[in-house]
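Numbers restart at 1 for each chain; the letters A, B, ... are given by sequence-line order, proteins then strands.
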Amino acid sequence: MEIVLKDKIKEAVKVLYNSDVTDNLIQLQETRKDFKGDFTLVVFPLLRFSKNTPEQTGKNIGNYLIKYFPAVSGFNVIKGFLNLEISDRWWIEYFAEMSSGKNLFRNCQVANPEVILVEYSSPNTNKPLHLGHIRNNLLGYSLYRILSACGHKVIKTNIVNDRGIHICKSMLAWQKYGDGETPQSSGIKGDHFVGKYYVKFEKEYKAQIEELMLNGQSEIDARNSAPLILEAREMLLKWESGDKEVVDLWKMMNSWVYSGFDGTYKMLGVDFDRIYYESETYITGKKIVLSALKENILFRNNDSSIWADLSSEGLDQKLLLRSDGTAVYMTQDLGTAVARFEDYSFNKTLYVVGNEQNYHFQVLRSLMKKMGYNWADGLIHFSYGMVELPEGRMKSREGTIVDADDLIKEMKDTAREVSLELGKLTDYSEEEKEDIFRKIGLGALKYFILKVDPRKNMIFNPVESIDFNGNTGPFIQYTFARIKSVFRKADQMGINLDPAVIANVRPGIKEIDLVKLLRKFTDIVSEAASGYSPALIANYCYDLSKEYNQFYHDFSILGEEDKVLRNFRLYLSKVTSEVLFSGMWLLGIEMPERM
RNA sequence: GGUUCCGUAGCUCAGUUGGAUAGAGCAACAGCCUUCUAAGCUGUGGGUCGCGCGUUCGAGUCGCGCCGGAAUCACCA
């Protein structure tokens with residue numbers, strides 16, 4: 001509609017003022033609620049062509065449109081704003097189209113689909129997932145859905161940091177203190193099990209440091225000479241040299257962790273098409289660095305470590321291989337990027353990684369371009385903010401880490417409590433109820449996180465916990481469940497939707513508000529895709545739910561005597577439920593039919 | 001100190017490419033369940049959009065300078 005209207009306005013300016021105007025001067029927007037009309041033209045930019053007052057210019061354009069464009073049924077001018085009214089007939093036709101189509105995303109398709117890799121999650125294998133990872137996973141998965149919905153070919157990928165000294169710490173502690181205990185024998189989830197030994201290591205290590213310091217060593221010396229850290233380093237060297245015993249242990253403990261992660265991923269409803277392991281990509285990375293060294297893109301220091309000089313790009317020098325020849329984080333990421341490009345020849349890779357690594361990705365891109373990988377322009381750091389507690393960052397030392405599994409369980413429990421307190425779902429089986437509680441609990445968690453602008457740091461208050469009232473996931477789910485209930489009832493009463501009746505109705509103004517909002521869905525999805533912003537969709541779903549709830553209270557739907565009007569309202573309900581379902585689907589949030 | 005990001009109601013957050021009187025929720029108070037699900041709806045109170053200058057018909061939005069906060073600047077990942 002906007003596009004046609006814009007063209008007509010351009011035509012009007014051409015005829016009335018004999019001027020060709022560019023698109024950006026035709027500023028068309030939705031009319032604010034307090035004014036009469038559907039679309040508003042801002043006439044200020046056009047004054048230089050009309051050489052007239054804003055009011056008169058608006059009037060002239062309005063009159064022209066009424067005369068030559070039947071969809072416009074009326075207009076009014078307030079200051080420099082021309083409010084145009086679109087005829088009921090046009091609304092109705094649009095609306096019928098919307099309710100008839102199965103695929104609500106068909107109008108969001110991009111002109112040039114791309115191959116996009118979304119890298120997200122990226123866990124270390126020595127600790128269970130926490131709240132920060134939840135934000136990461138939800139954002140990554142939602143980006144996948146949004147971009148796919150708009151026609152891109154999206155590959156979900158995960159890079160597992162399965163290599164390094166931190167893994168060796170857990171391994172060593174298990175060897176020393178584990179006493180043959182396994183996740184199976186202890187009944188502890190694998191990732192938590194391994195994490196337990198990582199904590200054990202840190203505790204014993206700390207005790208050794210303190211003892212050494214009592215004997216007069218400086219803290220730095222004590223850190224580097226404690227027996228445990230020496231053993232861990234030795235283990236890492238053994239691992240790198242392929243020592244069978246160490247590698248087998250490493251494989252076993254990693255497999256425990258992976259089975260634990262799988263459980264968490266499954267609860268969150270996320271998955272991956274392709275998993276990369278740093279234990280593999282660091283080798284590729286090393287090769288790349290060595291060949292770039294030969295081409296004199298990099299330089300070797302006196303101690304034989306290898307560096308990149310990025311000072312001409314406004315960045316620092318960056319280490320790429322240690323003096324002992326081992327790889328660092330950047331080396332691995334180089335290798336991973338190249339391996340992925342060979343696998344998929346992507347247009348873009350979206351790295352869903354916290355904003356603490358902004359510098360790292362700046363360096364990665366500059367470095368790769370310096371090395372001649374032109375496609376490195378497509379490496380995009382989707383930088384999201386930290387999840388903080390009211391008193392600041394989560395700190396493992398202070399035990400303020402919010403564990404992912406604990407939080408998910410808590411959300412489910414709260415959903416159960418709230419539901420039982422309200423006396424709902426009494427006629428459902430235990431199994432069905434649990435499934436609904438899961439959907440609601442996770443809906444609350446996911447929405448809570450996704451509604452916030454990804455770039456911003458956000459605050460999570462574990463004491464107040466996540467609400468189920470107001471601007472929340474359950475509110476949107478509730479709206480959906482209620483619409484479903486209306487249709488169940490309609491079915492019992494033998495009321496069916498009749499598309500033929502639609503065309504005869506003159507909708508009331510309140511209902512038009514709902515239609516306007518529904519109409520925006522396509523634009524919102526497109527905008528969310530181009531701006532990588534799930535939050536846009538989340539907030540839209542809330543606005544729509546709120547609007548529908550008002551509608552629900554203001555009007556009788558099934559009780560309406562006028563069959564035509566009833567049919568129309570049922571239609572509005574139908575489309576609302578479909579839009580809500582699709583919108584929340586893009587966020588990875590499930591919708592219960594009842595709650 | 002350099003770089004990047006953030007500052008909107010008591011709290012948590014929205015606010016389209018600059019547009020009309022800056023919006024929700026939570027918290028507080030007052031109403032609404034014989035009526036399609038009250039996880040809801042209606043109303044009241046709450047703001048120098050961190051501060052200042054600039055750009056223009058118009059700035060929460062763009063530019064510059066301050067103030068405040070965060071992240072980062074490792075032979076950690």
Q: Please state how far atom CG in Leu334(A) lies from atom P in A77(B), giving the value in whole angstrom units.
A: 14 Å
(Q) When you measure from the side-chain N and O atoms of Arg566(A) to the phosphate of C36(B), is any distance below 4.0 Å, counting only OP1 and OP2? (A) no
Q. Where the side chain of Phe81(A) is concerned, which of G19(B), A39(B), A77(B) is the nearest nucleotide?
A. G19(B)
Q: Map Phe448(A) and Asn358(A) onto RNA chain B by nearest heavy atom, then report which one ends up closer to the 5' terminus.
A: Asn358(A)
Q) Dot-bracket for RNA chain B, 5' to 3', counting Watson-Crick or G-U wobble pairs under 3.5 Å, with [ ] for crossing pairs and | for inter-strand pairs? A) (((((((..((((.....[...)))).(((((.......))))).....(((((..]....))))))))))))....
(Q) Taking the P atom in each of U21(B) and A59(B), what is the distance between them to the nearest angstrom? (A) 11 Å
**Q.** Options U12(B), U16(B), G19(B), nucleotide nearest the side-chain atoms of Glu527(A)
**A.** U16(B)
Q.
Looking at A77(B), I'd like to know if its phosphate oxygens (OP1 or OP2) sit under 4.0 Å from a side-chain N or O belonging to Tyr329(A).
A. no
(Q) Using OP1 and OP2 only, check whether a side-chain N or O of Lys424(A) sits under 4.0 Å from U37(B). (A) no
Q) Checking side chain to side chain contact (heavy atoms under 4.5 Å, CB included) for the pair Tyr277(A)/Ile275(A): CA distance, chi angles, key distance, verdict? A) CA-CA 7 Å; Tyr277(A) 297 92; Ile275(A) 296 177; 3.7 Å; yes
Q) If you check every side-chain atom of Asn83(A), which of A20(B), G40(B), C73(B) has the closest atom? A) A20(B)
Q) Hey, are Arg322(A) and Asp324(A) close enough for a salt bridge, meaning a charged N less than 4.0 Å from a carboxylate O? A) no
(Q) If the cut-off is 4.0 Å, is Gln357(A) near the phosphate of A77(B), judged by side-chain N/O to OP1 or OP2? (A) no
Q.
Given 3.5 Å as the limit, does a donor-acceptor pair link the side chain of Trp250(A) with the main chain of Asp162(A), or not?
A. yes
(Q) I'd like to know if Arg365(A) pairs up with Asp333(A) as an ion pair, taking the criterion as any Lys NZ or Arg NE/NH1/NH2 lying under 4.0 Å from an Asp or Glu carboxylate oxygen. (A) no
**Q.** Whole-angstrom distance between G31(B) and G47(B), as gauged at atom C1'
**A.** 27 Å
(Q) Can you identify which nucleotide, out of G19(B), A14(B), C13(B), has its nearest atom closest to the Ile459(A) side chain? (A) C13(B)
Q: Look at Lys456(A) and U12(B) and indicate whether a side-chain polar atom (N or O) is within less than 4.0 Å of OP1 or OP2.
A: no
(Q) Looking only at the side chain of Tyr542(A) (C-beta and beyond, no hydrogens), which of the listed nucleotides A24(B), C36(B), A14(B) gets closest? (A) A24(B)
Q: Please answer whether G40(B) and Tyr552(A) are stacked, defined here as ring centres separated by less than 5.5 Å and planes angled under 30°.
A: no
Q. Is any side-chain nitrogen or oxygen of Arg322(A) closer than 4.0 Å to OP1 or OP2 of C76(B)?
A. yes
Q. Choosing from G25(B), U37(B), G40(B), which nucleotide comes nearest the side chain of Asn471(A)?
A. G25(B)
**Q.** Atom-to-atom span, CG of Leu544(A) to C1' of G25(B) - whole angstrom
**A.** 17 Å
Q | Nucleotide nearest Glu356(A) when distance is taken to its side chain, options C36(B), U72(B), C41(B) | A | U72(B)
Q. If the C1' atom of U4(B) is compared with that of G46(B), how far apart are they to the nearest Å?
A. 35 Å
Q. If you measure from the Lys or Arg side-chain nitrogens to the Asp or Glu carboxylate oxygens, is any gap between Asp435(A) and Arg438(A) under 4.0 Å?
A. yes
Q.
Can you tell me whether the base of C73(B) sits syn or anti, using the 90° cut around 0 to define syn?
A. anti
Q. Any salt bridge between Asp413(A) and Arg416(A), counting N to O under 4.0 Å?
A. yes
Q) So, is Asn469(A) near the phosphate of G40(B), with a side-chain N or O under 4.0 Å from OP1 or OP2? A) yes
Q: May I ask you to verify whether the side chain of Asp316(A) and the base of A74(B) hold a donor-acceptor pair under 3.5 Å?
A: no
Q: With P as the reference atom in both, quote the distance from A24(B) to G45(B) in angstrom, rounded to an integer.
A: 13 Å
Q | Arg569(A) side chain near C36(B) phosphate (N/O to OP1/OP2, under 4.0 Å) | A | no
Q. Quick one: which of Phe475(A), Tyr447(A), Tyr548(A) gives a ring-ring contact (aromatic ring centres under 6.0 Å, His included) with Tyr542(A)?
A. Phe475(A)
Q | Salt-bridge present (Arg566(A), Glu561(A); N to O < 4.0 Å) | A | no
Q.
Any donor-acceptor pair, under 3.5 Å, between the side chain of Thr472(A) and the base of A39(B), if you only look at N and O atoms?
A. no
Q.
Give me the distance, rounded to whole Å, that separates A74(B) from A22(B) when you measure between the C1' atoms they each carry.
A. 45 Å
Q | 5′-ward residue of the pair Gly559(A)/Lys546(A) relative to RNA chain B | A | Lys546(A)
Q) Between A39(B), G19(B), C36(B), which one does the side chain of Pro45(A) approach most closely? A) G19(B)
(Q) Pair Tyr351(A), Phe382(A) - check ring pair (Phe, Tyr, Trp, His ring centres under 6.0 Å), show working. (A) CA-CA 5 Å; Tyr351(A) 290 92; Phe382(A) 179 86; over 10 Å; no
Q: Report yes if at least one side-chain N or O of Ser556(A) is closer than 4.0 Å to OP1 or OP2 of C36(B); otherwise report no.
A: no
